Undergrad: 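Have a look at this one.
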2 protein chains.
Amino acid sequence: MVQSVSRPAVPVAGVADEGRSESRGERKERTRRHILDAALDLCEDSSLVALSLRQVAKEVGIVPTAFYRHFDSIEDLGLALVEESFVSLREMLKDVRRSDPTYRTIIDSSVRVLGEHTMAQHSHFAFISRERVAGPPAVREAIRHQIDLVERELATDLARLTDPAHWSAEDLRVLSNLIVTLMVGATETIVNARPETRPAILETARTQLRMMLVGALRWSSR
Amino acid sequence: MVQSVSRPAVPVAGVADEGRSESRGERKERTRRHILDAALDLCEDSSLVALSLRQVAKEVGIVPTAFYRHFDSIEDLGLALVEESFVSLREMLKDVRRSDPTYRTIIDSSVRVLGEHTMAQHSHFAFISRERVAGPPAVREAIRHQIDLVERELATDLARLTDPAHWSAEDLRVLSNLIVTLMVGATETIVNARPETRPAILETARTQLRMMLVGALRWSSR
DNA sequence: CGATCCGGTGGACGGTCGTGCACCGGGACC
DNA sequence: GGTCCCGGTGCACGACCGTCCACCGGATCG
């Protein structure tokens with residue numbers, strides 16, 4: 001028994017106790033957070049499919065069976081992490097939209113925002129890019145669905161920026177998919193590269209978006 | 001002892017024996033092949049990092065320790081699979097180059113070849129796209145290195161098709177990276193999609209390449 | 001022909017895994 | 001203030017894991 005009676009249920013204290021005891025709901029939520037953080041951290045250099053419930057429990061400082069009080073399985077945990085990661089991603093997209101509605105500087109500001117967020121939310125972006133192709137089936141599907149939603153939203157954004165005479169709905173969807181694929185690729189490169197190469201990667205992404213923009217401006221659906 | 005003395009060392013016979021016994025080298029090579037195939041098959045819906053040596057051995061029909069006669073570890077096996085998978089990929093690229101040197105039809109023929117090869121070598125392409133981001137570090141690195149080589153080769157190909165006055169070496173590298181990223185993305189989509197959606201995915205890839213080609217033709221390095 | 005090589009066997013080890021179960025003790029509620 | 005709820009404990013189970021070891025027997029080689 002490694003936990004003394006004087007520090008009863010809370011597995012690992014984040015801040016000093018300050019005498020004020022939490023409600024049961026707060027406690028549960030806090031443990032849940034610890035589990036999510038620990039899982040995100042532990043699968044950083046492998047994958048959810050190679051993560052064991054016991055590893056997570058040990059990292060959090062609870063007994064393995066206590067895990068079930070919060071999640072049915074690792075896969076269930078994974079779905080929660082998808083949810084959480086896409087909150088990060090959508091905040092990024094909100095920043096992109098807020099930053100600049102003109103397309104003189106839209107590329108620069110978008111790439112800048114991408115760089116900032118992949119740095120600040122590194123674990124979330126790495127998680128998505130990894131589990132997107134290698135996670136448990138249900139997790140993969142959830143991520144694909146979310147990315148699909150993002151693609152659709154981008155397509156409607158693009159519809160406002162382009163000439164409807166030249167751009168069919170289908171082609172907008174295709175362009176949107178192209179841009180998202182490219183950004184996912186850039187994100188994957190960033191999260192797997194050494195930090196000091198980051199500016200060069202972002203510069204590459206900028207140039208690529210410019211090349212595509214040149215194409216898009218001349219495009220006309222047949 | 002489940003294997004009778006009448007079927008001595010060979011774990012699982014591929015074709016009828018035809019009375020002719022193999023040399024020791026041939027036997028070893030054959031078992032090695034079975035291991036590679038079994039591993040490729042077993043990690044199809046998870047990842048190398050979730051694959052155990054014992055699963056592979058059981059699938060092949062050998063005792064776990066016999067695995068070590070062929071590979072040091074699962075990671076070592078993974079590197080062999082990378083090697084093998086890129087043989088497939090390079091054969092595809094050879095087909096692409098052979099198919100058409102003019103760029104009237106270069107997009108159509110390239111995408112057609114991509115479709116054919118991802119169908120025929122489905123396991124290899126799925127393996128690369130999965131382990132590229134989720135495999136053991138050494139495997140990831142090997143794949144990145146190979147893709148990097150492909151990118152360089154594409155860049156020199158593009159150098160012959162473009163006007164040197166408008167395209168700097170750096171921009172050729174960036175364009176090459178753009179195309180490869182896009183094709184990797186298309187491949188990932190294909191190997192994870194239901195077979196009947198394949199034509200639509202390829203059509204999307206065609207359109208995207210056309211959009212980029214429009215951009216590339218107007219491009220000029222600043 | 002006899003010695004050697006080597007891919008295979010089979011058993012055993014210590015460790016980790018997911019999960020079932022009974023139980024505890026403090027917050028929440030009537 | 002007594003009762004219930006529920007997130008945590010601790011233990012045990014059978015399964016699977018990688019790896020060590022001694023050994024076998026047919027192919028190979030001098």
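The structure displayed is predicted, hence computed values, not measured ones. Lettering follows sequence order; numbering is per chain, from 1.
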Undergrad: Once you round it to whole Å, what is the distance between P of dT16(C) and NZ of Lys58(A)?
TA: 6 Å
Undergrad: Just how far, in rounded Å, is P of dG10(C) from OH of Tyr68(B)?
TA: 18 Å
Undergrad: At less than 3.5 Å, do the side-chain atoms of Arg24(B) and the base atoms of dG7(C) form a donor-acceptor pair?
TA: no
Undergrad: Choose from dC17(D), dG8(C), dG7(D) the nucleotide whose nearest atom is closest to any side-chain atom of Gln55(B).
TA: dC17(D)
Undergrad: Whole angstroms only, please: what is the CD-P distance between Glu26(A) and dG26(C)?
TA: 18 Å
Undergrad: For the pair Arg30(A) and Glu26(A), find out whether any cationic side-chain nitrogen is under 4.0 Å from an anionic carboxylate oxygen.
TA: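 No, this pair does not count.
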Undergrad: Would you kindly give the CZ-to-P distance between Arg27(A) and dG25(C), to the nearest whole Å?
TA: 15 Å
Undergrad: Rounding to a whole Å, what distance do you find between Lys28(B):NZ and dT28(D):C1'?
TA: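 Distance check: Lys28(B) NZ to dT28(D) C1' gives 15 Å.
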Undergrad: In whole angstrom, give the distance that lies between atom CG of Leu51(B) and atom C1' of dC16(D).
TA: 14 Å
Undergrad: Please determine if Arg198(B) and Glu203(B) form a salt bridge, counting it only when a charged side-chain N lies under 4.0 Å from a carboxylate O.
TA: no
Undergrad: Classify the side chain of Arg69(B) and the base of dG8(C) as holding, or not holding, a donor-acceptor pair under 3.5 Å.
TA: yes
Undergrad: Between the base of dG10(C) and the side chain of Thr65(B), is one N or O donor paired with an acceptor at under 3.5 angstrom?
TA: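 Donor-acceptor pair under 3.5 Å: yes.
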Undergrad: On DNA chain D, compare the nucleotides closest to Ala66(A) and Ser73(B); which residue's is nearer the 5' end?
TA: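 This one resolves to Ala66(A).
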Undergrad: Let me know the distance between CG of Leu48(B) and P of dC17(D), rounded to the nearest Å.
TA: 15 Å
Undergrad: Looking at Glu188(B) and Arg132(B), is there a salt bridge between them, counting it only when a charged N and a carboxylate O are closer than 4.0 Å?
TA: yes
Undergrad: Can a salt bridge be assigned to the pair Glu170(A) and Arg173(A) using a cut-off of 4.0 Å between side-chain N and carboxylate O?
TA: yes
Undergrad: Any Lys/Arg nitrogen of Arg152(A) or Asp148(A) sitting under 4.0 Å from an Asp/Glu carboxylate oxygen of the other?
TA: yes
Undergrad: In terms of side-chain heavy atoms of Leu53(A), which of dG18(C), dG7(C), dT9(D) is nearest?
TA: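 Shortest atom-to-atom distance from the side chain points to dG18(C).
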Undergrad: Rounded to whole Å, how long is the line connecting atom CZ of Arg54(B) with atom C1' of dG11(C)?
TA: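 The distance from CZ of Arg54(B) to C1' of dG11(C) comes to 11 Å, rounded to the nearest Å.
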